[in-house]
Novice: 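Let me give you the structure first, and then I'll get to my questions.
A note on names: the letters A, B, ... follow the listed sequences, proteins ahead of strands, and every chain is numbered from 1.
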Amino acid sequence: MPQPDRWIAHLDMDAFYASVELLRYPQLKGEAVVIGGRRADAPRQREDGSWQYARLRDYTGRGVVTTSTYAARDLGVFSAMGLMKAALRAPDAILLPADFDSYRKYSRLFKAAVAEVAPVIEDRGIDEIYIDLTDVPGVRDAVGHDPLGGVKAVAREIKNSVWRATGLTCSIGITPNKLLSKIASELDKPDGITVLTLADIPARIWPLAVRKINGIGPKAGDRLVKLGLQTVGDIAAADPRWLIEQFGESYGHWLHNAAHGRDSRPIVTHSEPVSISRETTFERDLHAVHDKALLGGIMDELCERLAQDLARKRYAGKTVGIKLRFEGFVTVTRDQTLKTPILTAADIRHAAGLCLKRVKFDKRLRLMGVRIGNLVHASEVPPAVPAAERAKAPERENLSLF
DNA sequence: TCTGGGGTCCTAGGACCC
DNA sequence: TCTGGGGTCCTAGGACCC
């Protein structure tokens with residue numbers, strides 16, 4: 001049987017945020033625990049040494065579930081679910097606030113541990129990565145006699161390295177490409193290793209629901225099911241011309257290829273950010289006129305934080321955009337490209353003010369955000385005009401809506 | 001008792017230029 | 001003076017992912 005030209009791994013940390021919390025609160029192992037909510041109370045220890053936790057049933061507000069332990073998932077509580085809805089399903093579940101500094105720390109630790117075994121890594125966020133194993137010695141040397149054995153041994157080595165560095169488990173899928181590996185890493189979760197070749201596609205991939213493919217989301221998934229295609233195998237068996245008629249040239253082709261397990265995307269070890277943003281959902285919907293001062297202050301703060309992000313990462317940007325979400329969840333964006341890159345909070349605020357003027361405020365607002373794109377490295381930005389001169393600019397004041 | 005926050009990529013129309 | 005065809009940039013919205 002011909003061997004694949006690449007061995008690509010997808011590594012996914014098991015219930016990552018929840019598992020990091022369990023390192024801190026090991027007494028919660030096996031409990032239904034939910035991470036989420038902006039102001040959930042942290043656990044506190046009573047005088048007698050016992051712990052007191054916030055419970056899901058006591059939560060009020062607009063938060064969503066960020067992660068849940070496997071025990072909570074058994075009760076029907078999943079990521080992105082509204083906390084109020086989750087509370088109906090698991091009122092007694094323990095609610096912990098998210099601690100992103102801690103998660104980022106463990107993220108760096110596990111990625112460094114993987115890099116010691118296999119250095120060609122593509123970052124896919126805080127809790128998952130792709131790894132090119134093709135040239136890792138234990139894999140390369142096994143080509144010809146026992147390729148699958150070599151791949152599995154390296155996978156075990158990676159898992160051990162992650163465990164030693166963090167005390168956390170992960171699941172790994174290894175196949176000839178990213179698309180299949182992403183699916184494979186979920187087939188034996190938690191703490192599993194799944195190795196597949198192209199020959200395994202009919203038996204292992206085709207029975208899966210279409211939504212298991214990374215790139216088929218809620219909308220496309222619904223449409224496929226309505227068209228009678230429930231499984232990946234159903235897509236694979238469909239006439240590609242018909243798929244193109246239904247989904248367009250680009251997505252139709254992609255669906256056909258994906259269902260057959262074809263994907264030639266490379267591992268990307270370095271990338272530059274495209275945009276940076278900050279947004280916030282309000283506790284209650286706000287009125288553009290009645291809450292004008294409050295909204296103005298929130299916009300000031302978002303621009304301030306965005307400017308700090310830019311400074312920390314040493315970028316400036318030419319395009320400033322705002323995002324508004326109204327009651328009813330209707331989202332509107334406006335953006336504006338400037339002649340030169342900017343990076344200060346005042347410049348961002350000014351551009352955001354111009355964008356705000358182009359929006360009709362006929363409903364209450366639930367979210368406001370600011371984004372900066374068209375990024376350049378800060379070193380490429382021409383020297384700033386001195387603040388004293390800028391203050392003279394006539395249009396500086398009274399331009400913004402809020 | 002709906003629906004966070006930070007991203008990427010794609011599409012499609014219009015402006016503008018050659 | 002009744003109408004082409006690219007290419008690129010900008011803008012708005014939307015799908016999708018972690």
Side-chain angles (χ1 to χ4, degrees), chain A residues 10-13 15-17 34-40 56-67 78-89 91 97-98 100 103-104 107 122-130 178-179 182 185-186 211-223 247-255 258 265 268 271-285 302 305-306 309 313 318-339 354-355 358-359 366-375:
Chain A
H10 179 257
L11 182 154
D12 196 291
M13 298 299 288
F16 184 54
Y17 300 171
V34 170
I35 318 292
R38 248 184 311 185
R39 300 175 299 100
L56 211 42
R57 68 150 56 83
D58 298 323
Y59 183 87
T60 52
R62 288 180 155 168
V64 297
V65 175
T66 303
T67 328
F78 301 100
S79 296
M81 180 182 283
L83 283 172
M84 301 300 254
K85 182 176 175 185
L88 293 176
R89 298 187 176 197
F100 286 97
Y103 310 149
R104 274 190 288 268
S107 181
E122 175 174 335
D123 226 299
R124 293 303 297 189
I126 200 160
D127 70 339
E128 60 182 82
I129 51 176
Y130 290 104
K178 296 206 286 191
L179 182 106
K182 171 80 178 164
S185 67
E186 277 201 57
R211 285 293 312 275
K212 296 292 176 186
I213 292 180
N214 192 252
I216 300 180
K219 302 284 179 181
D222 272 2
R223 279 187 64 197
F247 292 93
E249 182 73 24
S250 168
Y251 198 66
H253 260 125
W254 178 83
L255 279 173
R265 289 171 301 164
V268 178
S271 63
E272 292 279 326
V274 174
S275 67
I276 302 174
S277 67
R278 285 281 180 170
E279 65 181 59
T280 187
T281 296
F282 316 133
E283 297 288 335
R284 61 178 177 90
D285 294 343
L302 289 169
R305 288 163 72 176
L306 190 55
D309 295 339
K313 299 177 178 174
K318 260 178 63 178
T319 304
V320 172
I322 58 160
K323 171 170 157 183
L324 301 169
R325 181 168 287 151
F326 294 92
E327 55 189 339
F329 223 67
V330 178
T331 305
V332 164
T333 63
R334 291 290 180 271
D335 58 43
Q336 179 145 9
T337 300
L338 294 331
K339 289 200 179 70
L354 296 177
C355 292
R358 292 158 35 207
V359 180
R366 67 173 284 144
L367 170 149
M368 193 160 62
V370 206
R371 184 175 47 83
I372 187 155
N374 250 316
L375 301 179

Novice: According to the Watson-Crick and G-U wobble definition with distances under 3.5 Å, which dot-bracket string, read 5' to 3', encodes DNA chain B, using [ ] for crossing pairs and | for pairs with another strand?
Specialist: ....||||||||||||||
Novice: In whole angstrom, what separates A:Phe247's CZ from C:dG14's P?
Specialist: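 Distance, rounded to whole Å: 19 Å.
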Novice: Please report the distance, rounded to the nearest Å, between CD1 in A:Ile216 and C1' in C:dC17.
Specialist: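 That distance rounds to 14 Å.
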Novice: Between B:dT1, B:dT3, B:dG5, which one does the side chain of A:Arg366 approach most closely?
Specialist: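 Of B:dT1, B:dT3, B:dG5, B:dT3 is nearest to the side chain of A:Arg366.
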Novice: Not counting sequence neighbours, which residues clear side-chain contact (heavy atoms from CB on, under 4.5 Å) with A:Thr331? List them please.
Specialist: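 Testing A:Thr331 for side-chain contact (heavy atoms from CB on, under 4.5 Å), a comparison that skips the adjacent residues, returns A:Lys323, A:Arg325.
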Novice: Rounded to the nearest angstrom, tell me the gap between atom NZ in A:Lys219 and atom C1' in C:dA15.
Specialist: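 A:Lys219 atom NZ is separated from C:dA15 atom C1' by 9 Å.
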Novice: Expressed in whole Å, how much space separates the C1' atoms belonging to B:dT1 and C:dC17?
Specialist: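 That atom pair is separated by 28 Å.
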Novice: Would you mind classifying the nucleic acid contact of A:Val65 as base, sugar-phosphate or nothing, using non-hydrogen atoms under 4.0 angstrom?
Specialist: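 If one applies the 4.0 Å heavy-atom cut-off, A:Val65 turns out to touch nothing in the nucleic acid.
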Novice: Where is the tightest heavy-atom contact between A:Leu354 and A:Gln336, given as atom of each residue plus distance?
Specialist: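 So the two residues come closest at CB-OE1, 3.6 Å.
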Novice: Do A:Ile372 and A:Asp309 have side chains that get closer than 4.5 Å, going by heavy atoms?
Specialist: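 Counting from C-beta outward, A:Ile372 and A:Asp309 never come under 4.5 Å.
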Novice: Kindly give the heavy-atom pair with the smallest separation between A:Asp12 and A:Ser185, and that separation in Å.
Specialist: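 Heavy-atom minimum between the residues: CB-OG, 4.3 Å.
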Novice: Side-chain N or O of A:Lys182 less than 4.0 angstrom from OP1 or OP2 on C:dC18?
Specialist: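 A:Lys182 to C:dC18 OP1/OP2: side-chain N or O found under 4.0 Å.
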Novice: Which whole-number value in Å describes the distance from A:Arg278 CZ to B:dG4 P?
Specialist: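 Going from CZ in A:Arg278 over to P in B:dG4 covers 17 Å.
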Novice: Under the side chain to side chain donor-acceptor pair (under 3.5 Å) test, which residues partner A:Ser79, sequence neighbours left out?
Specialist: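 Result, side chain to side chain donor-acceptor pair (under 3.5 Å) vs A:Ser79: none returned.
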Novice: For A:Lys339, which contact category applies under a 4.0 Å heavy-atom criterion: base, sugar-phosphate, or nothing?
Specialist: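 The answer is nothing, as A:Lys339 stays clear of every strand by at least 4.0 Å.
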Novice: Toward the 5' end of DNA chain B, which comes first, A:Thr66 or A:Met84, by nearest nucleotide?
Specialist: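 Taking each residue's closest nucleotide, the earlier one in sequence belongs to A:Met84.
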Novice: Any heavy-atom pair between the side chains of A:Leu302 and A:Glu279 that's under 4.5 Å?
Specialist: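 They are not in contact (no side-chain heavy atoms under 4.5 Å apart), so the answer is no.
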Novice: Counting the atoms with a prime plus P, OP1 and OP2 as sugar-phosphate, which does A:Val64 contact under 4.0 Å by heavy atoms, base, sugar-phosphate, or nothing?
Specialist: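 Base: the residue A:Val64, judged by heavy atoms under 4.0 Å, touches a nucleobase.
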Novice: Who are the ring pair (Phe, Tyr, Trp, His ring centres under 6.0 Å) partners of A:Tyr103, not counting sequence neighbours?
Specialist: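 So A:Tyr103 forms a ring pair (Phe, Tyr, Trp, His ring centres under 6.0 Å) with A:Tyr17, A:Phe100.
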Novice: How close or far is atom P of B:dC2 from atom CG of A:Leu367, stated in whole angstroms?
Specialist: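 Value for this atom pair: 17 Å.
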Novice: From CD1 of A:Ile35 over to P of C:dC18, roughly how many Å is that when rounded to an integer?
Specialist: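 Roughly 19 Å, once rounded to whole Å.
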Novice: Is the shortest heavy-atom distance from the side chain of A:Ile216 to the side chain of A:Leu255 under 4.5 Å?
Specialist: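 Heavy-atom side-chain distance check passes, below 4.5 Å.
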Novice: Which comes earlier along DNA chain B counting from the 5' end, the contact point of A:Arg371 or that of A:Thr280, where each point is its nearest nucleotide?
Specialist: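 It is A:Thr280 whose nearest nucleotide is closer to the 5' end.
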Novice: So what does A:Ile213 hit on the nucleic acid, given a heavy-atom distance under 4.0 Å: a base, only sugar-phosphate, or nothing?
Specialist: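 The answer is sugar-phosphate, as A:Ile213 gets under 4.0 Å only of primed atoms, P, OP1 or OP2.
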Novice: Using a heavy-atom cut-off of under 4.0 Å over every strand shown, decide if A:Thr60 touches base, sugar-phosphate, or nothing.
Specialist: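 It contacts nothing in the nucleic acid.
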Novice: When you compare the side chain of A:Arg366 with that of A:Arg62, does any pair of heavy atoms fall below 4.5 Å?
Specialist: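 Side-chain contact under 4.5 Å: yes.
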Novice: Check every strand shown and say whether A:Ala87 touches a base, only sugar-phosphate, or nothing at a heavy-atom separation below 4.0 Å.
Specialist: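 No contact.
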Novice: Say you pick atom P in C:dC18 and the same atom in B:dC2; how far apart are they, in whole Å?
Specialist: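 Roughly 28 Å separates the two P atoms.
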Novice: For nucleotides 6-11 of chain C, read 5' to 3', which letter fits each nucleotide if B means a protein heavy atom sits under 4.0 Å from the base, S means only the sugar-phosphate is that close, and - means neither?
Specialist: ----SS
Novice: So, A:Arg211 side chain and A:Asp222 main chain: donor-acceptor pair closer than 3.5 Å or not?
Specialist: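 Absent.
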Novice: What's the OH-P distance between A:Tyr251 and C:dC16, to the nearest Å?
Specialist: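 It works out to 5 Å between those atoms.
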Novice: Listed by chain and number, what are the side-chain contact (heavy atoms from CB on, under 4.5 Å) partners of A:Ala86, not counting sequence neighbours?
Specialist: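 A:Ala86 satisfies side-chain contact (heavy atoms from CB on, under 4.5 Å) with A:Leu56, A:Val65, A:Val77, A:Met81 once adjacent residues are dropped.
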Novice: Whole angstroms only, please: what is the CZ-P distance between A:Arg57 and B:dT1?
Specialist: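 Spelled out: CZ on A:Arg57 to P on B:dT1 is 17 Å.
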Novice: Using the side-chain heavy atoms of A:Asp127, tell me which of these nucleotides is nearest: C:dC18, B:dT3, B:dG5.
Specialist: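 It is C:dC18.
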